[in-house]
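In what follows, a single structure is set out as structure tokens and then discussed.
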Amino acid sequence: MKIRSSFNYTHTLFILLGGVILLFLIAPLAGMFLSVKAPELFATLEDREVSESIFRTLAISALATGIAAIFALPLSYILARKKFPLKGLLEAIIDLPVMIPHSAAGIALLGFISRDSALGSLASSFGLNLVGSNVAIAMAMAFVSLPFLINSAKDGFAAVPVRLEQAAETLGASKFRIFTQISLPLAKRSVVSGLLLMFARGMSEFGAVVIVAYHPMTTPVLIFDRFNSFGLSYARPVAVIFVAVTLILFILLRIYQKRKC
Amino acid sequence: MLKIDNLVYSIGDFNLGPVSFSMEKGDYLAVFGPSGAGKSLLLELIAGLRFPASGSVCIDSKEYVNIGAQNRPVGMLFQDYALFPHLSVFDNIAYSLRLKKTNRDTIEKRVKELSDYFSIGNLLKREIESLSGGEKQRVALARAIAYDPLILLLDEPLSALDDDLRAEAVDTLASLKRAGQTIIHVTHNRNEVGTLASKNLYMSGGLIK
């Protein structure tokens with residue numbers, strides 16, 4: 001009797017190739033975690049500058065994501081539902097922040113919010129200096145991370161059958177109610193994924209943030225600052241703590257998302 | 001009751017109309033014809049989901065041609081039933097009543113009345129995904145008439161059902177007709193409306209023949 005072999009050369013090769021990639025992703029992070037000694041870690045944990053920067057980074061990214069969502073979700077819905085001239089161009093513009101160097105995005109934003117600009121001078125007239133402020137950090141985070149929210153939500157809205165929206169309309173729902181009661185709940189999984197991706201991308205942003213606001217320091221900027229001023233061993237514990245905080249946060253959010261969706 | 005006058009609509013290469021017909025309260029109008037004849041399009045124009053290039057849609061002597069679906073006294077049963085999958089059976093049926101800010105007691109009374117009428121009282125807490133085709137059809141019918149629309153539009157209401165469920169569904173539609181509900185039933189299968197229809201229209205190539 002011939003026994004059918006489950007051994008497959010192609011799949012074995014794929015597993016080996018995939019393993020190399022996984023190793024490439026895991027090894028540097030594992031190495032960083034293993035190279036930090038406990039006393040350094042505890043000392044860094046007690047460092048107020050570190051804890052404040054982590055709180056600032058998470059809070060600003062969450063706030064930027066929340067505020068941006070108010071504007072981005074309606075845009076995602078329009079992109080998913082409507083056909084209009086130059087839609088392709090608009091979609092390309094939305095993807096632009098993913099393509100361009102983030103330092104260049106920072107330079108562009110700096111010009112947009114500096115005191116010479118219309119927005120900067122308007123803020124100045126209220127006694128606000130946008131450059132080097134939490135607002136500038138939020139804008140830099142939002143600028144580079146918005147495509148993740150817009151595209152994910154757009155895919156979610158596009159997957160909601162138009163028939164359901166039409167059914168709601170025949171039952172007396174306004175367009176706004178259709179959006180809030182039918183489309184948004186049904187696209188919830190993609191919208192939450194988009195929010196998470198935007199939040200994650202925003203808080204890890206360095207290039208654009210460092211140009212518009214070196215101070216107050218977000219954690220990625222603090223890691224760079226410590227590396228630049230004092231070297232690897234001083235920067236590493238901060239990086240370990242930040243990565244650990246973000247990992248814990250994302251595991252909790254994923255669990256929440258799995259339960260809710 | 002309903003007067004359609006010279007309704008004209010175009011989408012891509014397809015032209016519908018001019019279409020004219022009328023029906024009285026309590027009529028059961030069957031619109032049949034081959035696939036692609038424009039039957040569903042006609043229903044969407046009556047429902048207000050599409051707007052015609054010209055013509056008139058008069059319901060109870062009031063012109064609705066420029067009024068959207070939200071404000072037309074028309075209920076619609078879609079071919080795939082279009083039930084809201086994130087809402088329970090109860091919430092689906094109560095959807096239009098909640099939009100009209102009906103008080104909770106009245107909503108519960110109306111849903112109970114409809115669920116008794118369609119024999120779906122035991123399904124009210126169920127998720128839509130867990131329902132059979134026949135159950136979905138009855139829930140969709142209950143939802144479509146919950147707010148007492150003047151006209152009920154049925155878009156191929158029996159096509160998604162197995163043969164053994166069709167007879168049961170025809171009985172449900174017959175009981176709606178007996179209750180005096182004005183109905184337009186669109187189908188590609190003339191036989192399925194044989195015992196139901198009080199009037200018939202044949203459509204082909206976007207025209208009533």
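Protein chains get the first letters and strands the later ones, always in sequence-line order, with residue 1 at the start of each. From a predicted model like this one, the values you see are computed outputs, not experimental measurements.
Around atom CZ of A:Phe250, more than 12 heavy atoms belonging to other residues, nucleotides or ligands sit under 6.0 Å away. Counted within 6.0 Å of CZ on A:Phe176, heavy atoms from surrounding residues, nucleotides or ligands total 12 or fewer; the atom is thus considered open. Counting heavy-atom neighbours within 6.0 Å of B:Phe21 CZ, excluding the residue itself, gives a total above 12. Summarising the local packing, CZ of B:Phe51 is surrounded by more than 12 heavy atoms from other residues, nucleotides or ligands at distances under 6.0 Å. Residue-environment remark: CZ (B:Phe14) exceeds the threshold of 12 foreign heavy atoms within 6.0 Å.
Per-residue counts of heavy-atom pairs under 4.5 Å with chain B were compared for A:Pro161, A:Pro185, A:Ala173; the largest is that of A:Ala173. Taking B:Ala144, B:Ala82, B:Ala47, B:Ala140 one by one and counting their heavy-atom pairs under 4.5 Å with chain A, the maximum is reached by B:Ala82.
Scanning both residues, A:Leu186 and B:Pro85, for their nearest heavy atoms gives CD2-CG, 3.6 Å.
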Cross-interface N/O pairs, chain A with chain B, donor-acceptor, under 3.5 angstrom:
unit_1: A:Arg163; atom_1: NH1; unit_2: B:Glu44; atom_2: OE2; d: 3.3
unit_1: A:Arg163; atom_1: NH2; unit_2: B:Glu44; atom_2: OE2; d: 3.1
unit_1: A:Glu169; atom_1: O; unit_2: B:Gln70; atom_2: N; d: 3.4
unit_1: A:Thr170; atom_1: O; unit_2: B:Tyr147; atom_2: OH; d: 2.8
unit_1: A:Gln181; atom_1: O; unit_2: B:His86; atom_2: NE2; d: 2.8
unit_1: A:Gln181; atom_1: OE1; unit_2: B:Tyr95; atom_2: OH; d: 2.8

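Within the 4.5 angstrom heavy-atom criterion, no atom of B:Leu97 approaches chain A.
A distance of 6.5 Å separates CZ of B:Phe84 from CG of A:Leu164, quoted to the nearest 0.5 Å.
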